[in-house]
2 protein chains.
Amino acid sequence: MMNDMTDKARPDCNDPFIEALERLIVPMGMPPIAARMQGYIMLCPEPVSLDEIVDGLRVSKSSASVAARLLERYGILRCYTERGTKRVRYGVTEHCAGFLLEQMRSIGTMAALLRDAAGARRDDAVTARLKDMGAFYARVHTALEGVLSEGD
Amino acid sequence: MMNDMTDKARPDCNDPFIEALERLIVPMGMPPIAARMQGYIMLCPEPVSLDEIVDGLRVSKSSASVAARLLERYGILRCYTERGTKRVRYGVTEHCAGFLLEQMRSIGTMAALLRDAAGARRDDAVTARLKDMGAFYARVHTALEGVLSEGD
DNA sequence: TGACATATTCGGTATTCACCGAATATGATT
DNA sequence: AATCATATTCGGTGAATACCGAATATGTCA
C-alpha cells in the first residue's frame, strides 16, 4: 500500500522546472494542465493518484482526469491500478519517450507526405525539390529511429 | 521580371499534400493559414507574391501577411524583394529546415531543463531519473545535430 | 512632396479552446 | 442489489485564437 507523499517529497507546483517545461511544450500544442502535470509527475519519486495531482497542481478533478488520459495516450505517463480500489496512480514512462516518439513520428510522416507529393507532381523542378526534401526527412527519421532504439 | 504563374503551374488549394501537411502541423501549434501557406508555397516552382497567395489560398491579404512573416521567422519561408517595387515574394527555404531545426531545438531545450532540474533536486531517485533522461535527450540532440549538418 | 502600390497593424467578431462543477459511469465490497 | 469511492463525461462560461476588412505605414517614382 503506497503512502501518500510527505510534504517534503511533494513538488511545488511553482517549481521552475514545471514552469519551463510548460513554456516549452504548450506552444507545441500540449494543453496547459497536461504540460504542468507532466512536469509535476516527473518530479515525483513515486506514481501519484489523481487526488494528489489535484492537490498539488490546484486543478479540478475532471481537468486532471482528462489531462492524465491524454498524457497516457501520448506515452508520457503510465497508469498503475491496484487491487481492491478503483483508484489509479500515474507515473512517468521511461524517458517520457512520448515526447521524442511524437517528434520522430511527425518527421516520418513529413517524409512520407513529401514522397507522395513528389509522385503526384508534374512540374519537374517541384518534383525534384519534393524528392530531395523527402529523402532528407527520411534520413533524419532513420537516424532518430537508431538513437531511440539504442536508448532502450 | 518574374511572371505570375500560369494556371497550369499554380497549385490547387485543395491539393492532398496541403491538406495532409495542415493535419500534421496544425496540432503541433502552427496556425492554420500558415500551415496551408507552407504547403502551397512548397508546391510552387518559384517564389510567389502575397497577392498570388491571397488568390491561391482564398484568404485575406492581412492574414497572408501575418502568416508569411511567421513562417519566415520559423525559417520555413524566405522573403525575396525586388528593386523598384515594394512587392515581396516568398519561397521555401532549403529543406524547409525550420521544421527540423525547431524540433532539434526543443529536444536540446528539454535536455537542458532536465539537467538543470537534476541539479536542483533533493530526492535521490528523482535526481537519478532526471539525470538519466537529460543524458538521453542530449544524445538524441547530438545525433540530430549531426544528421542536420550533413544535410547542408 | 504627392501619388500610388504594397505590406502591415489594428480593432471587431466569430469560433475554438480551456477549465470548471454537476451529473453520470464504473469498480470494488458486502 | 445496495453502497461507497473514484474516475469520467457533459454542459456552461470565460479566455484565447483565428480571421477579416479598414486604417495605417512604408517604399518607390516622378
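Every chain is numbered from 1 and lettered A, B, ... according to where its sequence line falls, protein lines coming before strand lines. What you are looking at is a predicted structure, and each value in this text was computed from that prediction instead of being measured.
- With rounding to whole Å, B:L50 atom CG is found 14 Å from D:dT26 atom C1'.
- The side chain to side chain contact (heavy atoms under 4.5 Å, CB included) test applied to A:T85 returns A:E82, A:R87, not counting sequence neighbours.
- If you take CD1 of B:I53 and P of C:dT6, they are 14 Å apart, rounded to a whole angstrom.
- Between A:M37 atom CE and C:dA18 atom C1' there is a gap of 14 Å when expressed in whole angstrom units.
- A:K86 pairs by the side-chain hydrogen bond (donor to acceptor under 3.5 Å, both in side chains) definition with nothing, not counting sequence neighbours.
- For B:R105, the salt bridge (Lys or Arg N to Asp or Glu O under 4.0 Å) partners two or more places apart in sequence, or in a different chain, are B:E102.
- A:S65 places no side-chain N or O within donor-acceptor distance of the main-chain N or O of A:K61, the cut-off being under 3.5 Å.
- Residues satisfying the side-chain hydrogen bond (donor to acceptor under 3.5 Å, both in side chains) test with A:D55, not counting sequence neighbours, are none.
- Residues of residues 56-66 of chain A that place a heavy atom closer than 4.0 Å to DNA chain D, in numerical order, are A:K61, A:S62, A:S65, A:V66.
- With sequence neighbours left out, A:S60 forms a side chain to side chain contact (heavy atoms under 4.5 Å, CB included) with A:S62, A:S63.
- Atom-to-atom, CG of B:L70 to C1' of D:dA18 comes out at 13 Å; the value is rounded to the nearest Å.
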All N/O donor-acceptor pairs, side-chain side in residues 21-39 of chain B, below 3.5 Å, sequence neighbours left out:
unit_1	atom_1	unit_2	atom_2	d
B:E22	OE2	B:R36	NH1	3.2

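- A:T109 pairs by the side-chain hydrogen bond (donor to acceptor under 3.5 Å, both in side chains) definition with nothing, not counting sequence neighbours.
- For A:K131, there are no salt bridge (Lys or Arg N to Asp or Glu O under 4.0 Å) partners, not counting sequence neighbours.
- Annotation: ring pair (Phe, Tyr, Trp, His ring centres under 6.0 Å) contacts involving residues 98-120 of chain B, sequence neighbours excluded, comprise A:Y137-B:F99.
- Per the geometry, CZ belonging to B:R87 stands 15 Å off C1' belonging to D:dT26, to the nearest Å.
- Under the 4.0 Å criterion applied to side-chain N and carboxylate O atoms, B:E52 and B:R89 are assigned as salt-bridge partners.
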Short heteroatom pairs, N/O only, protein and nucleotides 27-30 of chain C, under 3.5 Å:
unit_1	atom_1	unit_2	atom_2	d
C:dA28	O3'	A:G84	O	3.2

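- Sorted by residue number, the members of residues 25-36 of chain A with any non-hydrogen atom under 4.0 Å from DNA chain C read A:P32, A:I33.
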